[in-house]
Amino acid sequence: MAEITAQLVKELREKTGAGMMDCKKALKENEGNLEKSIEWLRQKGIASADKKSGRTAAEGLVHSYIHFGGRIGVLVEVNCETDFVARGDRFKDLVNDVAMQIAACPNVEYVSVADIPQEMVAKEKEIEMGRDDLGKKPANIKEKIVQGRIDKRLKELSLLDQPYIKDQNLTIEELVKQAIAELGENIQVRRFIRFNLGEGIEKAETNFAEEVAAAAKS
């Protein structure tokens with residue numbers, strides 16, 4: 001595989017306006033070929049999406065989604081720049097797909113890794129550093145292993161890092177960027193809440209055989 005140099009990443013960023021990590025990923029996927037990487041970014045909607053990320057998105061929709069016969073519910077807010085886009089079918093479809101993704105991912109708690117509190121990250125590091133399988137490893141190796149595990153754990157909690165349920169080759173972040181490219185506006189998943197029927201309620205354990213026996217004696 002061709003070496004992915006900092007200069008090559010910089011050149012791709014200048015040509016597309018995409019973020020550094022997206023450029024690195026594009027170059028790796030295309031074995032360092034610049035033109036193919038540009039096309040890859042455009043196909044995923046990333047090239048134009050990152051240019052719009054700084055624009056204010058204060059319109060949009062608050063959408064509810066109910067799944068599994070009323071046993072799971074999701075409320076999500078997705079923002080765009082104009083009411084015109086918010087009322088369009090393309091945007092509504094995106095919002096519904098995001099809500100369905102949240103319903104399908106019980107471990108997801110945050111929109112992005114950046115939203116995860118630092119105290120939680122520190123706690124995860126403390127737990128990982130104390131694991132028995134790392135006890136005899138050199139400090140620098142131990143640090144790399146722990147950081148890898150933490151990064152994996154944080155992505156499990158992040159909605160934008162989840163593989164899209166309708167296309168596992170896309171993440172939710174890439175799905176949103178595709179919509180940005182199509183609609184020409186900044187789009188942001190702002191917040192969500194997921195409801196599970198009966199969650200947090202302590203259910204009494206019952207023995208059906210004992211109940212029948214007791215009823216027969218009465």
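The hydrophobic cluster containing Ile165 also contains Val76, counting ILVMFWY residues as joined when their side-chain heavy atoms lie under 4.5 angstrom apart, directly or transitively. Both Leu157 and Val121 belong to a common hydrophobic cluster when Ile, Leu, Val, Met, Phe, Trp and Tyr are linked at side-chain heavy-atom distances under 4.5 angstrom.
Side-chain contact between Glu174 and Tyr164 is absent, with no heavy atoms from C-beta onward closer than 4.5 Å. For the pair Leu160 and Ile172, the minimum side-chain heavy-atom distance is below 4.5 Å. Side-chain contact check for Leu94 versus Arg90: some heavy-atom pair is nearer than 4.5 Å. No side-chain heavy atom of Val78 sits less than 4.5 Å from a side-chain heavy atom of His63. The shortest side-chain heavy-atom distance between Glu173 and Val176 does not fall under the 4.5 Å cut-off.
With rounding to the nearest 0.5 angstrom, the CD atom of Gln168 is 13.0 Å from the NZ atom of Lys166. For the atom pair CG of Leu12 and CG of Leu27, the computed distance is 5.0 Å after rounding to the nearest 0.5 Å. Atom CH2 of residue Trp40 and atom CG of residue Asp22 lie 6.5 Å apart, to the nearest 0.5 angstrom. Rounded to the nearest 0.5 angstrom, Lys123 NZ and Glu119 CD are separated by 12.0 Å. The OG1 atom of Thr82 sits 8.5 Å away from atom CZ of Arg87, with the distance rounded to the nearest 0.5 Å. Taking OG1 from Thr171 and NZ from Lys155, the interatomic distance works out to 9.5 Å, rounded to the nearest 0.5 Å.
Salt bridge annotation for Glu156-Arg153: present, with a cationic side-chain nitrogen under 4.0 angstrom from a carboxylate oxygen.
Side-chain contact of Glu77 with Asn79: a donor-acceptor pair under 3.5 Å is present, judged by distance alone. No side-chain donor-acceptor contact under 3.5 Å links Asp97 and Gln101.
Of the possible polar contacts, none joining the Gln162 side chain to the Leu159 backbone as a donor-acceptor pair under 3.5 Å is found. Between the Glu81 side chain and the Glu185 main chain, no donor and acceptor come within less than 3.5 Å of each other.
Taking each heavy atom of Phe91 and Val85 in turn, the nearest pair found is CB-O, 3.2 Å. Taking both residues in full, the closest heavy atoms of Cys80 and Ile187 are given as CB-CG1, 4.3 Å, listed atom of the first, atom of the second, then distance.
Residues near Ile201 contribute nothing to a hydrophobic cluster around it, because no ILVMFWY side-chain heavy atom sits closer than 4.5 Å to its side chain. Taking Ile, Leu, Val, Met, Phe, Trp and Tyr as hydrophobic and joining them when side-chain heavy atoms fall under 4.5 Å apart, one finds Leu75 in a cluster with Val62, Ile193, Phe195.
Residue-environment remark: CD (Gln118) stays at or below the threshold of 12 foreign heavy atoms within 6.0 Å.
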Quiz: residues 105-114 side-chain donor-acceptor pairs under 3.5 angstrom, not counting sequence neighbours:
residue	atom	partner	partner atom	Å
Ser112	OG	Ala114	N	3.4
Ser112	OG	Asp115	OD2	3.2

Stepwise side-chain contact (heavy atoms from CB on, under 4.5 Å) check, Glu39 with Asn30: CA-CA 10 Å; Glu39 185 63 27; Asn30 295 281; over 6 Å; no

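With Cys23 as the partner, the side chain to side chain contact (heavy atoms under 4.5 Å, CB included) test is satisfied by one option alone out of Ile38, Ile4, Val9: Val9.
Between His67 and Tyr65, the ring center distance clears the sub-6.0 Å criterion.
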